[in-house]
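Structure first, commentary second.
Residue numbers begin at 1 in each chain, while the letters A, B, ... track the order of the sequences. Computed from a predicted structure; not experimentally measured.
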2 protein chains.
Amino acid sequence: MKLQKETKVDERPRKHGKWYADACGTAFALELIGERWSLLIVRELMLGPRRFSEVRASLPGISAKVLTERLESLEEAGVLTRRKLPSPASVQVYELTEWGYLAEPAIQELGRWAARSPSHDPTLPLSPVSMMLSMRTMIDHQAAASFDAKVGLFIGEDRFIARLEGGMMPIERASEDESVEIAFHAPLPSTLAAMFYGKVPFAELEAHAGLVIEGDRALAERFVALFELPPKVG
Amino acid sequence: MKLQKETKVDERPRKHGKWYADACGTAFALELIGERWSLLIVRELMLGPRRFSEVRASLPGISAKVLTERLESLEEAGVLTRRKLPSPASVQVYELTEWGYLAEPAIQELGRWAARSPSHDPTLPLSPVSMMLSMRTMIDHQAAASFDAKVGLFIGEDRFIARLEGGMMPIERASEDESVEIAFHAPLPSTLAAMFYGKVPFAELEAHAGLVIEGDRALAERFVALFELPPKVG
DNA sequence: CAGAATCCCATTCGATACTG
DNA sequence: CAGTATCGAATGGGATTCTG
């Protein structure tokens, strides 16, 4: 109960709604997720609930303080909720709200746009979740329409399943040892990036990057061919 | 030439690429346009080149300093260029690059998403450009496919022409007294918002909000019916 | 591990004044 | 009009410490 600080009368201190007085939806979006790190936190939760330390580990450079603050304001904005997992686990996780999950197209469009910049550097590290989301962004829906498959994408400890069907490709964290038609095991997200976007041949990545492919290789080739980075401008 | 400041060795001070070390396109987008005000500046240029003072006037609360800084970093990022208009005018304007114009879908998706928030307040002021962009966002492309028209949208001093054709609706600033099939004159952007999104009847806005409609009113009704805000979540 | 609380410096912002 | 210069205040955010 500190009562000092008489230099400012503190009329409506902050909470969102402070930055831009603008009815434009874009401006309002920026009030909600326009602070540094906010949108990347949303991105990390896009494929399911995560714990504080998991989010922090995926965001190189964020401090505990800032992550705490951002999680608070995102919760307040209704983008995510904090939830206590059932009994035995009993661990706290952060999960997007229904509306929070609807931010995916916006995240994708931003990524698609930035990827077309002449100055985008794709050699930096990448989180497993952002690699998965980029695949959902860059998939050729036309070509994928005639391709049904269940594909395992295993990056280090992170295990995902992509269900390709009718041109759509939802991705979830793999519950357990689910059966898949093809499985890609990679030590790092960037290995998959080299394969899907760099079109580096399987053999090379298997020899030098620790890639392991299970299942029909011709099918794997067809799957990889579904993904392509948008053309640069200029 | 101040040479003090030995407290920091200043290795690679800034320039974009500083914030997030992340190959994810979304993260890179945030490096480029994630600073406060940046994306709104891009928005204001989305319908054509503008002068410093015009941008400033559309962004309530931005200071000259910050606008100058943002224009510089956006130019550096390749999002916009500064250009001197031909001879008689000889005035400086800022214009998006080809790639800068490609940001529109990202801006739209952010706006569409935010508009679905339960806490979005649509009663705040709105710039003419953001009203126009929102119309491009909220148009029902299905319904618009069978509707060809040239529509004038005149907000105070700002004059726009929307060319509805094949479900698309490019909007440009009106060059002069171009002929249109319908024209809406409104003193404020919010008047149009009330009409297109609030579905306030023409008569009421004509009586109390200074709305003036030229052309076939039945056609105008059909046109207005093409626009609708996305449903709130919840 | 998840976070709250402090400390404290660097950066950023906005207001104002000034200039070509 | 289109910025530049300066200054004080607010904010940001990293590091560290503490707690359940």
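- Near DNA chain D, defined here as any heavy-atom distance below 4.0 Å, the residues from residues 44-69 of chain A are A/Gly61, A/Ser63, A/Lys65, A/Val66, listed numerically.
- Put simply, CG on A/Leu74 is 14 Å from P on C/dG3, counting in whole angstrom units.
- For A/Glu72 and D/dG13, the CD to C1' distance is 15 Å, given to the nearest whole Å.
- Rounded to an integer number of Å, the gap from A/Glu35 CD to D/dT11 C1' is 10 Å.
- Every residue two or more places apart in sequence or in another chain that forms a ring pair (Phe, Tyr, Trp, His ring centres under 6.0 Å) with B/Phe196 is listed here: B/Phe184, B/Phe223, B/Phe227.
- For A/Arg36 and D/dG13, the CZ to C1' distance is 8 Å, given to the nearest whole Å.
- Comparing the axis of the opening five pairs of the helix from C/dC1-D/dG20 to C/dG20-D/dC1 with that of the closing five pairs yields an angle of 40°, rounded to 10°.
- In this structure B/Glu95 satisfies the salt bridge (Lys or Arg N to Asp or Glu O under 4.0 Å) test together with B/Arg83, sequence neighbours excluded.
- Side-chain contact check for B/Thr81 and B/Glu75: no donor-acceptor pair (N or O, by modelled atom type) lies under 3.5 Å.
- Every residue was checked against the salt bridge (Lys or Arg N to Asp or Glu O under 4.0 Å) condition with B/Glu69, not counting sequence neighbours, and none meets it.
- For B/Arg51, the salt bridge (Lys or Arg N to Asp or Glu O under 4.0 Å) test picks out no residue, with sequence neighbours left out.
- For B/Arg36, the salt bridge (Lys or Arg N to Asp or Glu O under 4.0 Å) criterion is met by no residue, not counting sequence neighbours.
- Scanning for side-chain hydrogen bond (donor to acceptor under 3.5 Å, both in side chains) contacts around B/His185 gives B/Glu214, with sequence neighbours left out.
- Partners of B/Leu102 under the side chain to side chain contact (heavy atoms under 4.5 Å, CB included) rule, at least two apart in sequence or in another chain, are A/Trp113, A/Arg116, A/Val233, B/Trp99.
- Atom CD in B/Gln92 sits roughly 10 Å away from atom P in D/dT4 (whole-Å rounding).
- Distances shorter than 4.0 Å separate none of the side-chain N or O atoms of A/Arg82 from OP1 or OP2 on C/dA2.
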